[in-house]
Asks: 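Please read through the structure below; I'll follow up with questions.
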There are 2 protein chains.
Amino acid sequence: MNEHAHISANLSKNQLLVMDALTNSDGPLSAYAILDQLCDQGFRAPQQVYRALKKLVDFNMVHRLESLNAFVACRHPGREDHETLAFMICENCGQVSEFTDNLLSKRLQHLTGAAHFVLNKMTIEFRGICINCHST
Amino acid sequence: MNEHAHISANLSKNQLLVMDALTNSDGPLSAYAILDQLCDQGFRAPQQVYRALKKLVDFNMVHRLESLNAFVACRHPGREDHETLAFMICENCGQVSEFTDNLLSKRLQHLTGAAHFVLNKMTIEFRGICINCHST
DNA sequence: CATAATAATGTTATAATGTAACAACTTTAA
DNA sequence: TTAAAGTTGTTACATTATAACATTATTATG
Ligand SMILES: [Zn+2]
Ligand SMILES: [Zn+2]
Ligand SMILES: [Zn+2]
Ligand SMILES: [Zn+2]
């Protein structure tokens with residue numbers, strides 16, 4: 001049983017429903033898209049989605065994409081270490097790939113450190129065309 | 001006469017009003033905050049702000065902060081080169097500092113290049129506490 | 001100049017995203 | 001068992017952004 005399964009076991013009903021919706025999606029979903037999907041499961045108001053999302057983001061099981069106002073299930077191996085996390089978002093097919101990089105991490109730490117800036121949260125998002133979409 | 005002044009001379013009336021509002025602000029402003037400020041100058045509808053903002057962002061005179069849904073006047077020296085641009089945003093005082101870094105640029109180019117990802121737009125935003133705010 | 005093309009503006013309405021606030025219920029821990 | 005913390009349901013509202021259409025101003029171009 002992997003880390004994901006372990007954490008999932010502790011999720012509440014609504015958190016699990018939202019998590020499943022995101023996991024089964026092949027791309028990011030807006031909060032309202034999730035709400036629509038979960039109408040059949042009894043969801044009625046945006047708060048039900050937003051509250052579950054907040055927890056899932058806290059747990060690092062879901063990431064918020066600021067440039068899309070959307071949410072994506074974490075697919076990064078070793079979900080515990082999310083210090084420096086970046087996303088490549090294809091504007092053609094919607095695919096999101098999540099990655100970290102040691103040199104990038106180091107450089108960012110150096111830059112914020114040099115400015116004496118105490119980092120709380122980092123947003124790194126690349127918008128463009130993925131390899132599958134520009135090869136044709 | 002600097003680059004900024006040169007470009008400003010070509011701005012339309014509304015673009016200039018929005019640019020001035022942002023330039024005179026000591027931090028980022030939401031579109032609706034700008035709209036409120038420009039009521040006295042005849043602004044009535046959000047479109048008037050959003051349309052001006054779109055042009056100013058195209059001109060690289062204003063940057064959109066995705067994690068704040070807000071806009072900030074460019075204060076980066078040498079506005080022409082904005083390939084890799086990052087922001088440190090203080091969550092206490094609201095100050096935004098804009099910077100670029102060659103090593104960071106290089107690493108990001110390497111990462112997107114290795115993934116064969118054709119970059120259109122980059123969002124790099126750090127949220128945290130600036131040096132002025134955590135020294136007390 | 002005439003006139004067509006482009007850019008900018010004004011306005012109304014609506015869509016999309018996100019929170020506040022209150023009441024009820026459930027789980028956990030002392 | 002009782003208090004604390006967490007979860008849920010719900011109504012209402014706040015914030016951010018765009019669609020659509022009509023009008024005016026500016027800029028080429030012949
Ligand atoms: Zn992740
Ligand atoms: Zn793609
Ligand atoms: Zn700038
Ligand atoms: Zn500060």
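Proteins get letters first, then strands, A, B, ... in listed order; numbering begins at 1 in each. Below, all heavy atoms of this structure are taken into account, side chains as well, without hydrogens, waters or symmetry copies.
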Asks: Give every donor-acceptor pair under 3.5 Å between a side-chain atom in residues 89-97 of chain B and any protein atom, sequence neighbours left out.
Replies:
| unit_1 | atom_1 | unit_2 | atom_2 | d |
| --- | --- | --- | --- | --- |
| B:Glu91 | OE1 | A:Asn120 | ND2 | 2.7 |
| B:Glu91 | OE2 | B:Arg127 | NE | 3.3 |
| B:Gln95 | NE2 | B:Asp26 | O | 3.1 |

Asks: Atom NZ of A:Lys55 and atom CZ of A:Arg51: how far apart are they, to the nearest 0.5 Å?
Replies: 11.0 Å
Asks: Expressed in angstrom and rounded to an integer, what is the separation of A:Leu11 atom CG from D:dG6 atom P?
Replies: 15 Å
Asks: Could you give the CG-to-P distance, from A:Asp58 to D:dT7, as a whole number of Å?
Replies: 10 Å
Asks: Nearest 0.5 Å, what's the CG-CG distance between A:Asp40 and A:Leu17?
Replies: 11.0 Å
Asks: Can you tell me how far P of D:dT8 sits from CG of A:Leu16, to the nearest Å?
Replies: 10 Å
Asks: With a 4.0 Å limit, can you tell me whether A:Ser12 has a side-chain N or O closer than that to the phosphate oxygens OP1/OP2 of D:dT8?
Replies: yes
Asks: Rounding to an integer number of Å, can you tell me how far B:Leu35 CG sits from C:dT9 C1'?
Replies: 14 Å
Asks: Got a second to check how far A:Asn24's CG is from A:Met19's CE, nearest 0.5 Å?
Replies: 9.5 Å
Asks: How close do A:Ala31 and A:Leu53 get, counting heavy atoms only, and between which atoms?
Replies: CB-CD1, 4.1 Å
Asks: Rounded to the nearest 0.5 Å, how far does NZ of B:Lys13 lie from CD of B:Gln41?
Replies: 9.5 Å
Asks: Are B:Ser67 and B:Glu125 linked by a side-chain donor-acceptor pair shorter than 3.5 Å?
Replies: yes
Asks: Output the rounded distance in Å from CD (A:Gln41) to C1' (D:dT8).
Replies: 16 Å
Asks: Base, backbone or nothing for each nucleotide of nucleotides 25-30 of chain C, written B, S, -, heavy atoms under 4.0 angstrom, 5' to 3'?
Replies: ------
Asks: Counting primed atoms plus P, OP1 and OP2 as sugar-phosphate and everything else as base, spell out the protein contacts along nucleotides 11-17 of chain C at 4.0 Å heavy-atom distance: B, S or - for each nucleotide, 5' to 3'.
Replies: BB----B
Asks: For B:Asn14 and C:dA7, is the shortest distance between a side-chain N/O and OP1 or OP2 below 4.0 Å?
Replies: no
Asks: For the pair A:Tyr50 and A:Phe71, name the ring-plane relationship: parallel under 30°, tilted 30 to 60°, perpendicular over 60°.
Replies: perpendicular
Asks: In whole angstrom, give the distance that lies between atom CD1 of B:Ile34 and atom C1' of D:dT15.
Replies: 14 Å
Asks: Using every non-hydrogen atom in the two residues, find where A:Phe117 and B:Phe126 come nearest and quote the distance to one decimal.
Replies: CZ-O, 3.7 Å
Asks: Phosphate oxygens OP1/OP2 of D:dT26: is one of them under 4.0 Å from a side-chain N or O of B:Lys13?
Replies: no
